[in-house]
Amino acid sequence: MTDNNSPPGSPKVNPDHNSEANPLPKDDSSLENIVRRFQDSMSLAKKHKFWETQPVGQFKDAGDTSLPEGPIEPPTPLSEVKQEPYNLPSPYEWTTCDMDSEETCNEVYNLLKNNYVEDDENMFRFNYSKEFLRWALRPPGYYKSWHIGVRAKTSKKLVAFITGVPARIRVRDEVVKMAEINFLCVHKKLRSKRLAPVMIKEVTRRVHLENIWQAAYTAGVVLPTPITTCQYWHRSLNPKKLIDVGFSRLGPRMTMSRTIKLYKLPDQPATPGFRKMELRDVPAVTRLLRNYLSQFVVSPDFDENDVEHWLLPTEDVVDSYLVESPKTHDITDFCSFYTLPSSILGNQNYSILKAAYSYYNVSTKTPLLQLMNDALIVAKKKDFDVFNALDVMHNESFLKELKFGPGDGQLHYYLYNYRIRNALRTSELGLVLL
Ligand code: MYA
C-alpha cells in the first residue's frame, strides 16, 4: 500500500496544458464528499484506531452545527500532564534533536531526504535543505524540546522525527496559541508498526508542558477531520526539464518549442518600485500583512518578530519582494515564496527539481496578477524549475491566467483540539504551513 501522501509540490500534474484543455476534475473534494467516502470505507473496515481517541473533529460529527466552535477539551492542570515520555518499543529511545548542532542537523536532513514525503508515483521526494530546516524549526520562542527524534538504541541511528513550533493562530476573532506540527517521518523500514501514534502523543505531551493545548498541521492523507482541503497548482518555469523528468507531459498538439514559448517570461519585473524586502521594511510589511490576513477565517497572527523571521529574505530558503511607491515611498504590495527542492528518483539526467512555493502575498495597489507575474519572473531568474501555489487566500484569481496547471494531489489542513463548525472554503484560509 502506498502512503497516499501526495506531497505538496510534487508533480502529479500536467501543467503543460492550458487551463481550457485541462479543466479541473469534477469537484469531489468538498468535505461532505470526503466524509461520505470515508464513512463508506469505514463501514467496510477502515477505522482510525488512534485518531478516534483524540480531541479532533470526528467524522460522525461532521455537519453537526449544534456543537460549539472552539476547544474540544479544556486544558488540564499542568501538574496532571504526564511527566515522563511515552514508552517506545524497546529497541528505540527518544532523543531531542539540537538543530544548532551541525551533526544532528545532518542526521535529520538525511532521514528526511531518504524517507520523507513522496508523490503517489514515487518519482519525487521532498528534499528540505539544512538551512531550511533550521529556519523552519527555530522561529521566535521555539522550544528545543519540540524537536523530537527516535534512535535505535544499539546503533544510535536516527529512525524517526516529529516537530512542533509555536505560533499564534487567529480563528475568527480568537487568537489561539498553537503548535504547528510538521516533519513527521518514520524510516521506511519501520513503517506500519504504530510508531506514529506514539510520536504524536509524545509531541502533544511536550506541547502541553508549555501550557499550549491546540495545534495546526497539514497532511496529504485524509484524517478526522480536515478544516479545508486545498489543491496545489504548478507553473512551469523550465518546461523542458519538467517534461524530461516526468513532472509534466507535452500537451496535446504541442511541440517542445511551442511549450517553451508558452511559458516564456519577461527578463525583468514590470512593476515600478518592485524590490527585495530589507530589514528596514519589517514594520511596514507587518502592517500590510496583518491588515490583509485579518479578512481570512484562519490565519497566523504575525508580529514584527515573526515577520522578520518568516519573511525577511534568507538565501535559498525564503524570498520576499515588495512594491515601494516611487512617489510616496509607501510599501503597497508584497509577495514571497520559499525554496523546497525535491529529489528526482531514478532519473539519469537530473537529480533535483528546484521548486518555489508561494507563501504570503498582499496586493493593495498593484493588481495581484501583475505582482505574481513579477514573482514568477524573479523565480525564473533564480533558476527555479517550477512555481507552486495552493488555492488559498486570493490565489485563485491569478492561477489560470498565469498558466498554472492543477495538480492531482490534495493537501488537507487540520486543527487539533479546536472545532470549526463548518469546513472552510480554501479562499477563507490565510495560513501556509511549510
Ligand atoms: S504530514 C507529513 C507526514 N509524513 C510523511 O508522509 C512522510 C512519509 N511517511 C511516513 O514517514 C510514515 O508513513 C508516517 C506514518 C510517519 C506518516 N499525520 O506508525 P503507523 C496515522 C497524522 O503504523 P506509518 C506531517 O508531518 C494513521 O492514520 N497521522 O504508520 C504533519 C494511523 O492512525 P489511525 C498519520 O505509516 C503531521 C497511524 O498514523 C499520518 O508507519 C501531523 C498509523 O501509524 C499523518 N501524516 O507512519 C501529526 N499518516 O489508525 C498530527 C499516518 O488512527 C499532529 N497517520 O488511522 C497532531 C497534533 C499534535 C500536537 C497537539 C498539541 C496540543
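First listed ligand is number 1; within each ligand, the first listed atom is number 1.
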Peer 1: With atoms numbered from 1 as shown, which atoms in ligand 1 lie under 4.0 angstrom from a non-hydrogen atom of Gln214?
Peer 2: 63 (C)
Peer 1: If you compare all heavy atoms of Tyr109 against all heavy atoms of Asn127, which two are closest, and at what distance to 0.1 Å?
Peer 2: OH-OD1, 2.9 Å
Peer 1: Indicate the atoms forming the closest heavy-atom contact of Met99 with Leu133, along with that distance.
Peer 2: CE-CB, 4.0 Å
Peer 1: Once the angle between the rings of Phe404 and Phe387 is folded into 0 to 90°, is it parallel (under 30°), tilted (30 to 60°) or perpendicular (over 60°)?
Peer 2: perpendicular
Peer 1: Ligand 1 and Phe183, any nitrogen or oxygen pair closer than 3.5 angstrom?
Peer 2: yes
Peer 1: Just go through Lys177, Arg191, Glu52 and tell me whose heavy atom is the nearest to atom 12 (C) of ligand 1.
Peer 2: Arg191
Peer 1: With heavy atoms only and a cut-off of under 4.0 Å, state how Thr218 meets ligand 1: side chain, backbone, both or neither.
Peer 2: backbone
Peer 1: Under 30°, 30 to 60°, or over 60°: which ring-plane class applies to Tyr128 and Phe126, parallel, tilted or perpendicular?
Peer 2: perpendicular
Peer 1: Under 4.0 Å from ligand 1, counting heavy atoms only, is it the side chain of Glu118, its backbone, both or neither?
Peer 2: neither
Peer 1: Regarding Arg206 and Glu210, does a basic nitrogen lie under 4.0 Å from an acidic carboxylate oxygen?
Peer 2: no
Peer 1: List ligand 1 atoms under 4.0 Å from Trp51, heavy atoms only on the residue side.
Peer 2: 21 (C), 22 (C), 28 (O), 29 (N), 33 (O), 51 (C), 53 (O), 57 (C)
Peer 1: Show me the side-chain donor-acceptor pairs of residues 179-189 shorter than 3.5 Å, one per line, residues at least two apart or across chains.
Peer 2:
unit_1	atom_1	unit_2	atom_2	d
Asn182	OD1	Tyr116	OH	3.2
Asn182	ND2	Leu434	O	2.7
His187	ND1	Lys189	N	3.0
Lys188	NZ	Glu118	OE2	2.5

Peer 1: Is Ala196 close to ligand 1, meaning an N/O of one under 3.5 Å from an N/O of the other?
Peer 2: yes
Peer 1: Looking at ligand 1, does any of its N/O atoms fall within less than 3.5 Å of an N/O of Phe50?
Peer 2: yes
Peer 1: Counting heavy atoms only, which part of Ile162 comes closer than 4.0 Å to ligand 1: side chain, backbone, both or neither?
Peer 2: neither
Peer 1: Heavy-atom contacts with Ala215 under 4.0 Å: which atoms of ligand 1 show up? List them by number with element.
Peer 2: 58 (C), 60 (C), 61 (C), 62 (C)
Peer 1: Near Thr204, which atoms of ligand 1 are under 4.0 Å from a heavy atom of that residue?
Peer 2: 59 (C), 60 (C), 61 (C)
Peer 1: State the atoms of ligand 1, each with its element, that fall below the 4.0 Å cut-off from a heavy-atom position in Val117.
Peer 2: 2 (C), 4 (N), 5 (C), 6 (O), 7 (C)
Peer 1: Of Arg290, Lys177, Arg170, which meets salt bridge (charged side-chain N to carboxylate O under 4.0 Å, His left out) against Asp301?
Peer 2: Arg290
Peer 1: Which atoms of ligand 1 are found less than 4.0 Å from any heavy atom of Lys49?
Peer 2: 34 (P), 50 (O), 53 (O)
Peer 1: Only one of Val207, Val165, Leu415, Asn417 passes side chain to side chain contact (heavy atoms under 4.5 Å, CB included) with Met178; say which it is.
Peer 2: Leu415
Peer 1: Return yes if some donor-acceptor pair links the side-chain N/O of His412 with the main-chain N/O of Pro224 below 3.5 Å, else return no.
Peer 2: no
Peer 1: Which of the atoms in ligand 1, numbered in the order shown and given with their element, are less than 4.0 Å from a heavy-atom of Tyr416?
Peer 2: 57 (C), 58 (C), 61 (C), 63 (C)
Peer 1: Using a 4.0 Å cutoff against the non-hydrogen atoms of Cys185, which atoms of ligand 1 qualify?
Peer 2: 11 (O)
Peer 1: Select one of side chain, backbone, both or neither to describe which atoms of Val207 lie under 4.0 Å from any atom of ligand 1, heavy atoms only.
Peer 2: side chain
Peer 1: Could you give the side-chain donor-acceptor pairs of residues 62-69 under 3.5 Å, partners two or more places apart or in another chain?
Peer 2:
unit_1	atom_1	unit_2	atom_2	d
Asp64	OD1	Ser66	N	3.0
Asp64	OD1	Ser66	OG	2.6
Glu69	OE1	Arg172	NE	2.8
Glu69	OE2	Arg172	NH2	2.9
Glu69	OE2	Arg421	N	2.8

